[in-house]
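Remember, predicted model here, so these are calculated numbers, not experimental data. Throughout, protein chains are lettered first and strands after them, A, B, ... in sequence-line order, and every chain is numbered starting at 1.
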Amino acid sequence: MTISNPSDFIRDIIDDDLKTNKNNGKVATRFPPEPNGYIHIGHAKSVCLNFGIANQYNGTCNLRLDDTDPAGESMEYVESIINDIRWLGFDWGDRLYYASDYFEKIYRLAVELIQSGDAYVCSLSPDEVREQRGTFTEPGKNSPYRSRSVEENLDMFQRMRNGEFADGAHTLRAKIDMASPNIVMRDPVLYRIKREPHYRTGAKWVIYPMYDFAHCLSDALEGIVYSICTLEFENNRPLYDWIVTKLIAGPRPRQIEFARLNLSYTVLSKRRLIELVENRHVSGWDDPRMPTVSGLRRRGYTPEAIRNFCAQIGVAKNDNLIDVALLEHCVREELNEQAPRAMCVLRPLRVVIDNYPENHVEEILCANHPQKPEMGARKISFSRELYIERDDFMENPPKKYHRLGPGREVRLRNAYVIKFERAIKDEQTGEVIELHCTYDPATLSGPPADGRKVPGVIHWVSAGHCVPAEVRLYDRLFTIENPGAEEDFIRHLNPSSLETLAACYVEQNLKDAPPGSRFQFERLGYFCKDAKDSTPEKPVFNRIVPLRDSWAKIAGSEDSKNKSR
RNA sequence: UGGGGCGUCGUCAAGCGGUAAGACACAGGAUUUUGGUUCCUGCAUUCGGAGGUUCGAAUCCUCCCGCCCCAGCCA
């Protein structure tokens, strides 16, 4: 499902600009994450948009770390961001930039702003600034420091930089309009004093530019043409334009806002994600249940699936809550094509084929993909003792159940038709612990000769030829559709978002599967060998996504019928 | 109710005055050694509401209603 000609309102704007030769045909974007957390699927939407546009129009997309607030920023995050965007399949050439590399230039531009009388050093406390800002319906008051002379402002700003003042003692503010109906324009703070070591500039600076000042100037310095950001910055656009027209002579970037991604049954705000990690509700940023790029990668999602997802959801200005089923659809779509099939028994039930010769082993050739012979075949051992899924036997099955039960026959996938003979139960608990069956030797590669129909097919492994594995079954992290809208979202964590099955068996061929390799375990879903926790003795497989299961729906409705009777 | 933005199927989303694309989801059916895949079929006489302009409106105008964002020295 590759969308050949992506189109959206942003690309429409670019098409128009190109048609009128507004920017001499130049297309330059940037992806500007702050390195204070791992990027998630919502960032991926922006990455695909910005890099996608650059690729489509033969332009460029810079990667810029927007590191203007040292609190919480670190090289670890920078590295993860770089790694994740590369993994997603995008390239910025040698255009890796840091806002912190522009600190000196930005400082000089601030001086220019002071010199033109468009900025002043304000000595109000944070509380006073808040009080004097006014409200939605009342204008703010001019700061008493608004009329400081250019000379005094220059001197004060220099001394701010020199570290002569305490944190928060003064700020540099733009002189705009305290009565503006747009609160962003009421003399916004441009610089603050903050004695916090910066992960890149160390202790060199004690003043740091605010986002509104640094971002637009960084864009302009890099020659960005389209500064694409999310809707909540729409109010800031007048300030963006104000700063840039005051300070930049040449071509100026244009800010365009689009709606950020919201995903059902998950949270995407950085604050909430951090809370999940720090309070150990998940194992880390790369917990396979996390919507982070690293979490999705570990879960087994492919870059292609994520890119397709981003193409599918589109780009618009409507607030949205995308059904996570669409994301799941995108992985299934790709993995159905790409993933070799294999067999794995999650909850083993021992089966003895009474009429199969003891100590006999035969090798059965199994196609790696039923529709793609070019993907080859592998051998699987078949013997008298097997494991099947506990779910595939029922003592009192409903009519539509196509598997094993009293008097029933079933096809073993890629192998013989077997018939149920008797069940052996634990004397204490009554639990079925072993099945005895007989097989029809004439059914290895075709249906029974007498024409009888065997509708059911189940998977299996040979007891003496399989390898023990741990399988982790993941489900959505939250039980409600929009946990992001809840104050106490933790309360809605899904208690069964992870089910660990420690005693599974996978077919022998998976013994040395490379870490990160993906398979379809037939009839179950798509799985990925966990790169972190697998050991040579015991591989661990993460369930990426289950197969669509129309039986579950039938069984579910049967179940509810029975309950209502 | 100061400013900014948005309202088209359950969820996304095309549509840009000529008579509602597509995807996911959902529901049927066919094929099937995965109750998978694939393949058919169905799924908005209607575009937040009400007026108006027009031969003709989701598209233009007016009013109304609803939702989101903004009062960090965060981004």
> To the side chain of A:Pro370, which of B:rU33, B:rG36, B:rG35 is closest?
Replying inline: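 Of the candidates, B:rG36 comes closest.
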
Hunt down the Watson-Crick or G-U wobble partner of [N], both distances under 3.5 Å, from any strand shown, or write none.
N	result
B:rC24	B:rG10
B:rC67	B:rG5
B:rU38	B:rA30
B:rU59	none

With a 4.0 Å cutoff (strictly under), does any side-chain N or O of [X] reach OP1 or OP2 of [N]?
X	N	answer
A:Asn318	B:rG7	yes
A:Ser550	B:rG36	yes
A:His329	B:rC24	yes

Could you tell me how far [M] sits from [N] if I compare only their [atom1] atoms? Round to whole Å.
N	M	atom1	result
B:rG42	B:rC47	P	23 Å
B:rC43	B:rG22	P	11 Å
B:rA44	B:rA21	C1'	13 Å
B:rA58	B:rA23	P	24 Å
B:rC12	B:rA71	P	26 Å
B:rA20	B:rC67	C1'	24 Å
B:rC68	B:rU32	C1'	48 Å
B:rG3	B:rC9	P	29 Å

Do side-chain atoms of [X] reach the backbone of [Y] as a donor and acceptor pair under 3.5 angstrom?
X	Y	value
A:Asp8	A:Ala316	no
A:Arg378	A:Ala367	yes
A:Asp67	A:Ser100	yes
A:Gln520	A:Pro340	no

Looking at every strand, decide which applies to [X] at a 4.0 Å heavy-atom threshold: base, sugar-phosphate, or nothing.
X	result
A:Gly446	base
A:Asp391	nothing
A:Val324	nothing
A:Pro139	nothing
A:Phe9	nothing

>> Tell me if the side-chain of A:Arg523 makes a donor-acceptor pair with the base of B:rU34, cut-off 3.5 Å, by modelled atom types.
In response: no

Could [X] and [Y] be counted as a cation-pi pair, given that NZ or CZ must be under 6.0 Å from the ring centre and within 45° of the axis?
X	Y	result
A:Arg161	A:Tyr107	yes
A:Arg332	A:Tyr526	no
A:Arg476	A:Tyr265	yes

Gap between atoms [atom1] and [atom2], on [X] and [N] respectively (whole Å):
X	N	atom1	atom2	answer
A:Lys553	B:rG36	NZ	C1'	13 Å
A:Phe309	B:rA13	CZ	P	11 Å
A:Glu481	B:rC12	CD	C1'	12 Å
A:Gln312	B:rA14	CD	P	13 Å
A:Asn308	B:rC12	CG	P	20 Å
A:Arg408	B:rG35	CZ	P	15 Å
A:Asp12	B:rA13	CG	C1'	13 Å
A:Asn320	B:rG5	CG	P	19 Å

Taking [atom1] in [X] as the centre, count heavy atoms belonging to other residues, nucleotides or ligands within less than 6.0 Å. Is the count above 12?
X	atom1	value
A:Lys141	NZ	no
A:Lys372	NZ	yes
A:Lys419	NZ	no

>> With nearest nucleotide decided by heavy atoms, which residue, A:Ala325 or A:Phe521, maps closer to the 5′ end of RNA chain B?
In response: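 Closer to the 5' end of RNA chain B: A:Ala325.
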
> Mapping A:Gln520 and A:Ile313 to their closest nucleotides on RNA chain B, which lands nearer the 5' end?
Replying inline: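 Final value for this comparison: A:Ile313.
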
> Using the ring of each side chain (for Trp, its six-membered ring), is A:His198 parallel, tilted or perpendicular to A:Phe103, with breaks at 30° and 60°?
Replying inline: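 Rings of A:His198 and A:Phe103: perpendicular, over 60°.
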
>> Can you give me the closest heavy-atom contact between A:Leu268 and A:Asn262, atom names plus distance?
In response: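 Answer, listing the atom of A:Leu268 first, then A:Asn262: CD1-CA, 4.3 Å.
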
> Is there a residue in residues 255-271 of chain A whose heavy atoms reach under 4.0 Å of RNA chain B, and which residues are they?
Replying inline: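 Within residues 255-271 of chain A, no residue comes under 4.0 Å of RNA chain B.
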
>> Please encode protein proximity along nucleotides 37-42 of chain B as a string of B, S and -, counting only heavy-atom distances under 4.0 Å.
In response: B-----

>> Treating primed atoms plus P, OP1 and OP2 as sugar-phosphate and everything else as base, which nucleotides of nucleotides 66-75 of chain B get B, S or - for protein heavy atoms under 4.0 Å?
In response: --SBBBSBSB

> Taking the chi torsion of B:rG49, is it syn (within 90° of 0) or anti (everything else)?
Replying inline: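 For B:rG49, whose glycosidic angle is more than 90° from 0, the conformation is anti.
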
> Do A:Ile418 and A:Tyr439 pass the side chain to side chain contact (heavy atoms under 4.5 Å, CB included) test, and can you show the C-alpha distance, the side-chain angles, and the key distance before you say yes or no?
Replying inline: CA-CA 4 Å; A:Ile418 61 170; A:Tyr439 85 117; 3.8 Å; yes

> Which one of A:Arg341, A:Glu374, A:Glu337 satisfies the side-chain hydrogen bond (donor to acceptor under 3.5 Å, both in side chains) criterion with A:His369?
Replying inline: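 Of the listed residues A:Arg341, A:Glu374, A:Glu337, the side-chain hydrogen bond (donor to acceptor under 3.5 Å, both in side chains) partner of A:His369 is A:Arg341.
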
>> Looking only at the aromatic ring of each residue, does the gap between the centers of A:Tyr208 and A:Tyr191 stay below 6.0 angstrom?
In response: no

